[in-house]
Engineer: 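Quick one: this structure, given as structure tokens, is what I'll be asking you about.
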There are 2 protein chains.
Amino acid sequence: MRERSVRERSVRVESVPDHSTAAASTGSARPRAQRADARRNVEAILDAATQCLRRDADVSVADIATAAGVGRITLYGHFKTRAELVDAVLVRAIESAHATLDSVDLADDPAQALASLVTSSWRIVEQFRGVLHAAQRELPPERIRDVHDRVLDPVAALIEHGRQAGVFRDDLPTSWLVTVAMSLMHAAAEDVDNGRLEAADAASYLVTTLLAAFTAPAPRPGSPRPERSPRSSR
Amino acid sequence: MRERSVRERSVRVESVPDHSTAAASTGSARPRAQRADARRNVEAILDAATQCLRRDADVSVADIATAAGVGRITLYGHFKTRAELVDAVLVRAIESAHATLDSVDLADDPAQALASLVTSSWRIVEQFRGVLHAAQRELPPERIRDVHDRVLDPVAALIEHGRQAGVFRDDLPTSWLVTVAMSLMHAAAEDVDNGRLEAADAASYLVTTLLAAFTAPAPRPGSPRPERSPRSSR
DNA sequence: CGGTACCCGTACATTTCTGTTCAAGTTAGC
DNA sequence: GCTAACTTGAACAGAAATGTACGGGTACCG
């Protein structure tokens, strides 16, 4: 076991070239700009890779290329190695997830904000999780932790906010509540994939369950419920 | 790179030979009984495989053998193929999980029963889940579904019981609540593995969270109750 | 319309894993 | 202590995946 953990093939991922903006550095040679079909193919590859990696983290590059409708060699023309492809997929997924998460208004009533966040992003968050899981095998741990935190932070902020507003419970650590939220979004997506859950129901079940889990368990007869401040700001 | 690859789709698993009881069926040839060290090795292999598969579903047979402290050829002497090994691991895991789950007294107060079940078995259930996940790639789907249901059923029974007793909520399908329970046990185990959660806290967090999620929340003043889902709960 | 960036199939080298065979050495158990 | 059961390393064949190289074809863009 100590001999050689097959993993560290010293994947270079320090700087993934940005595939959407060509170089065009006003140089002397002036290479023609990237062609339109090339950009289209890159998009198709990233889309296909995202879906394939979510289904099976060990999908072969050939399968991804086929799913994207391009040849395997074309794919290698855009991404030198498998690791580079996975990293590009991860970058795109995190951008998408982060953008959606950021669009949630934290100033809202925390319960409302939670519902909004979950409803608008449970699919995207799940997609991110799938890609992240796939990436865990071939990308360095510090990179994983980095992108991981960057998606979890908004969720943590929302929970922290709701807790300080007295709406969410205070007897469990925020990190655990974050885990609960992410885990349930993941589980819902998985159940939808397996046909055990209707996609239309998922968001509502998620919101209902998470609100119950995050709300202080007060319905004991005799215990006073924490009343929400009647500030209806909007 | 390292892909088990689903090439052998039709793995024979109809009858896995019982490795714990030798043949010795009063035959004519009278083969000597299985030796003690052989049985010990089989146990060690199953233990190691369980742990390895949980960490990485694609672990190589060689790594498992090394982890078990035996040679790779010895392993192949006991399990003809990788699929057979995985199946044996799965069988043992399900037996363990099922035994623990069955020891929970359903006649108790549902909340108490839930606490008892989660506390006594969240680790085992998680172990089962890990092995199941690994098995999903090389065992036929019907076998997966079989063992899957066999572990989920006791949980579903507990929830159903608590719901009929009026303790657990009635506005979410049982199947979803089962998903919630399994998912959170898994998440807790994962967090413990990653050092984000103390193992000593896990059970208590789980029980607290699940009870809150399963108990119908008191109606929040001003907000209309969520519509009951008209969907049958499978 | 012309150049060239791009696509793609074939083929090849390399690595890793599975599963088998062989020919020893070792140990449990009667 | 004898024997059969067991273990083991080396070595081999087959499959599959990753990258690379070559060379002809296609379609985009100026």
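Each chain gets a letter, A, B and so on, in the order its sequence line appears, and its residues count up from 1. Computation of the quantities below employed the complete heavy-atom set of this structure, encompassing side-chain atoms and omitting hydrogens, waters and symmetry-equivalent molecules.
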Engineer: For D:dC6 and B:His78 - does any side-chain N or O of the residue sit under 4.0 Å from the phosphate oxygens OP1/OP2?
Structural biologist: no
Engineer: How long is the line joining CG of B:Leu75 and P of C:dC17, in whole Å?
Structural biologist: 15 Å
Engineer: With a cut-off of less than 4.0 Å, is there a side-chain N or O of B:Arg35 near OP1 or OP2 of D:dC6?
Structural biologist: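 Looking at the OP1 and OP2 atoms of D:dC6, neither is under 4.0 Å from any side-chain N or O of B:Arg35.
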Engineer: Charged N to carboxylate O under 4.0 angstrom, B:Asp56 versus A:Arg137?
Structural biologist: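 The answer is yes: the pair qualifies as a salt bridge.
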Engineer: DNA chain C: B:Val61 or A:Thr74, which has the more 5' nearest nucleotide?
Structural biologist: A:Thr74
Engineer: Could you tell me the separation between the CZ atom of A:Arg39 and the P atom of D:dC28, rounded to a whole number of Å?
Structural biologist: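 For the pair A:Arg39 CZ and D:dC28 P, the rounded distance is 13 Å.
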Engineer: Kindly state which residues belonging to residues 65-73 of chain A come within less than 4.0 angstrom of DNA chain D, counting heavy atoms of the residue only, listed by number.
Structural biologist: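 The answer is A:Arg72, A:Ile73.
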Engineer: Do the non-hydrogen side-chain atoms of B:Met182 and B:Val151 ever get within less than 4.5 Å of each other?
Structural biologist: yes
Engineer: B:Ile64 has an atom CD1; how far is it from atom P of C:dG19, in whole Å?
Structural biologist: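 Rounded to whole Å, this separation is 11 Å.
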Engineer: Can you tell me the distance, in whole Å, between the CD atom of B:Glu138 and the P atom of C:dC17?
Structural biologist: 14 Å
Engineer: From the options C:dT20, D:dG19, D:dT7, select the nucleotide whose nearest atom is closest to the side chain of A:Thr81.
Structural biologist: D:dG19
Engineer: Are the charged groups of B:Glu190 and B:Arg129 less than 4.0 angstrom apart, N to O?
Structural biologist: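 Not counted as a salt bridge, because no side-chain N and carboxylate O are separated by less than 4.0 Å.
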Engineer: Could you tell me the separation between the CG atom of A:Asp37 and the P atom of C:dC6, rounded to a whole number of Å?
Structural biologist: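 From A:Asp37 CG to C:dC6 P: 8 Å.
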Engineer: Could you list the residues that satisfy side chain to side chain contact (heavy atoms under 4.5 Å, CB included) with A:Glu160, not counting sequence neighbours?
Structural biologist: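 Listed in chain order: A:Arg163, A:Gln164, A:Thr174.
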Engineer: What is the separation between atom NZ on B:Lys80 and atom C1' on C:dT21, rounded to the nearest whole Å?
Structural biologist: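 Between C1' of C:dT21 and NZ of B:Lys80: 16 Å.
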Engineer: Which pairs, with at least one residue in residues 114-128 of chain B and sequence neighbours excluded, count as a side chain to side chain donor-acceptor pair (under 3.5 Å)?
Structural biologist: B:Arg54-B:Glu126, B:Glu126-B:His186
Engineer: Please check the phosphate of D:dT7 (OP1 and OP2 only) for any side-chain N or O of B:Asn41 closer than 4.0 Å.
Structural biologist: yes
Engineer: Just the rounded figure in Å: distance from P of D:dA17 to CG of A:Asp56.
Structural biologist: 11 Å
Engineer: Taking atom P of D:dA16 as reference, at what distance in whole Å does atom CG of A:Asp63 sit?
Structural biologist: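 Value for this atom pair: 12 Å.
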Engineer: For the side chain of A:Tyr76, starting at C-beta, report the closest nucleotide among C:dT20, D:dC29, D:dG19.
Structural biologist: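 Of C:dT20, D:dC29, D:dG19, D:dG19 is nearest to the side chain of A:Tyr76.
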Engineer: Take a 6.0 Å sphere around CD of A:Glu142 and say whether it holds more than 12 heavy atoms from other residues, nucleotides or ligands.
Structural biologist: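 Result for CD/A:Glu142: enclosed.
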Engineer: In this structure, which one of A:Leu152, A:Leu117, A:Ile124 forms a side chain to side chain contact (heavy atoms under 4.5 Å, CB included) with A:Leu101?
Structural biologist: A:Leu117
